[in-house]
Amino acid sequence: EKVEGLVMSEVVYNQAEESLYDDEFHDNLAWTVEKFLSRPGAVGYNVFVDRPFSFMFFAKLQELPGRPFEVEQVVEGDYDDHGINEEDAKVYLHRIVRRQTEEAS
């Protein structure tokens with residue numbers, strides 16, 4: 001499988017003065033995913049450390065016109081979390097695939 005992009009969404013949040021949810025970050029991140037995964041069948045991965053707002057990014061991808069992406073969580077154990085998965089922090093990895101055809105809006 002050829003991977004065309006890796007998005008580290010935690011990096012986006014941690015660049016802000018306060019690591020709080022801001023919908024504009026998700027808009028910008030969704031725009032980036034659309035640009036990098038523009039070819040039908042293109043595959044990318046998103047990795048982040050659990051935060052209350054982090055899963056909202058996938059809701060944003062699902063709301064894009066034409067629903068161009070399929071998102072699936074990679075099963076824990078199918079990747080190396082480098083020992084980060086502890087009680088206070090959990091790493092999540094998701095596979096994002098550009099659909100072959102977009103759905104009618």
Side-chain angles (χ1 to χ4, degrees):
E1 167 177 69
K2 180 181 177 184
V3 175
E4 299 191 23
L6 177 66
V7 178
M8 297 183 70
S9 57
E10 262 325 287
V11 174
V12 173
Y13 291 111
N14 290 331
Q15 296 301 316
E17 283 185 31
E18 300 175 16
S19 292
L20 299 174
Y21 174 75
D22 182 338
D23 197 48
E24 187 175 335
F25 286 133
H26 283 166
D27 291 340
N28 292 336
L29 192 56
W31 181 89
T32 301
V33 169
E34 284 188 290
K35 299 304 175 203
F36 275 91
L37 304 180
S38 60
R39 180 186 56 77
V43 177
Y45 286 85
N46 182 71
V47 61
F48 67 87
V49 176
D50 188 25
R51 300 290 183 266
F53 48 76
S54 295
F55 285 104
M56 292 301 297
F57 170 63
F58 300 114
K60 177 68 71 175
L61 284 181
Q62 290 297 322
E63 294 172 358
L64 292 173
R67 297 186 49 143
F69 298 105
E70 286 186 40
V71 178
E72 63 183 41
Q73 184 170 342
V74 178
V75 177
E76 190 175 341
D78 285 354
Y79 60 94
D80 184 357
D81 61 20
H82 297 279
I84 295 175
N85 280 341
E86 299 175 8
E87 285 185 31
D88 60 338
K90 181 166 176 54
V91 174
Y92 291 92
L93 181 66
H94 288 79
R95 183 173 181 261
I96 304 168
V97 179
R98 185 78 181 220
R99 294 180 194 274
Q100 294 296 327
T101 57
E102 294 186 13
E103 294 179 4
S105 298

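Predicted model, so just to flag it, every value in this text is computed and none were measured.
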Minimum side-chain heavy-atom gap [X]-[Y] below 4.5 Å:
| X | Y | answer |
| --- | --- | --- |
| Arg98 | Phe69 | yes |
| Phe57 | Val33 | yes |
| Arg99 | Pro68 | no |

Item to check | Closest non-hydrogen atom pair, Gln100 against Gly41 | outcome: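 Taking every non-hydrogen atom into account, NE2-CA, 3.4 Å.
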Nearest-0.5 Å distance, [atom1] of residue [X] to [atom2] of residue [Y]:
| X | Y | atom1 | atom2 | result |
| --- | --- | --- | --- | --- |
| Asp78 | Arg95 | CG | CZ | 12.0 Å |
| Glu70 | Ile96 | CD | CD1 | 11.5 Å |
| Leu93 | Glu72 | CG | CD | 10.0 Å |

Next on the checklist: My understanding is that only one of Leu37, Val43, Val71 makes a side-chain contact (heavy atoms from CB on, under 4.5 Å) with Val97; could you say which?
Outcome noted: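 Among Leu37, Val43, Val71, the one meeting side-chain contact (heavy atoms from CB on, under 4.5 Å) with Val97 is Val43.
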Next on the checklist: If hydrophobic clusters are built by linking Ile, Leu, Val, Met, Phe, Trp and Tyr wherever their side-chain heavy atoms come under 4.5 Å apart, do Val74 and Val47 end up in the same one?
Outcome noted: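 Linked within one cluster.
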Checklist entry - After noting the C-alpha distance and the side-chain angles of Tyr79 and Val91, does the key distance pass the side chain to side chain contact (heavy atoms under 4.5 Å, CB included) rule? => result CA-CA 10 Å; Tyr79 60 94; Val91 174; 4.2 Å; yes
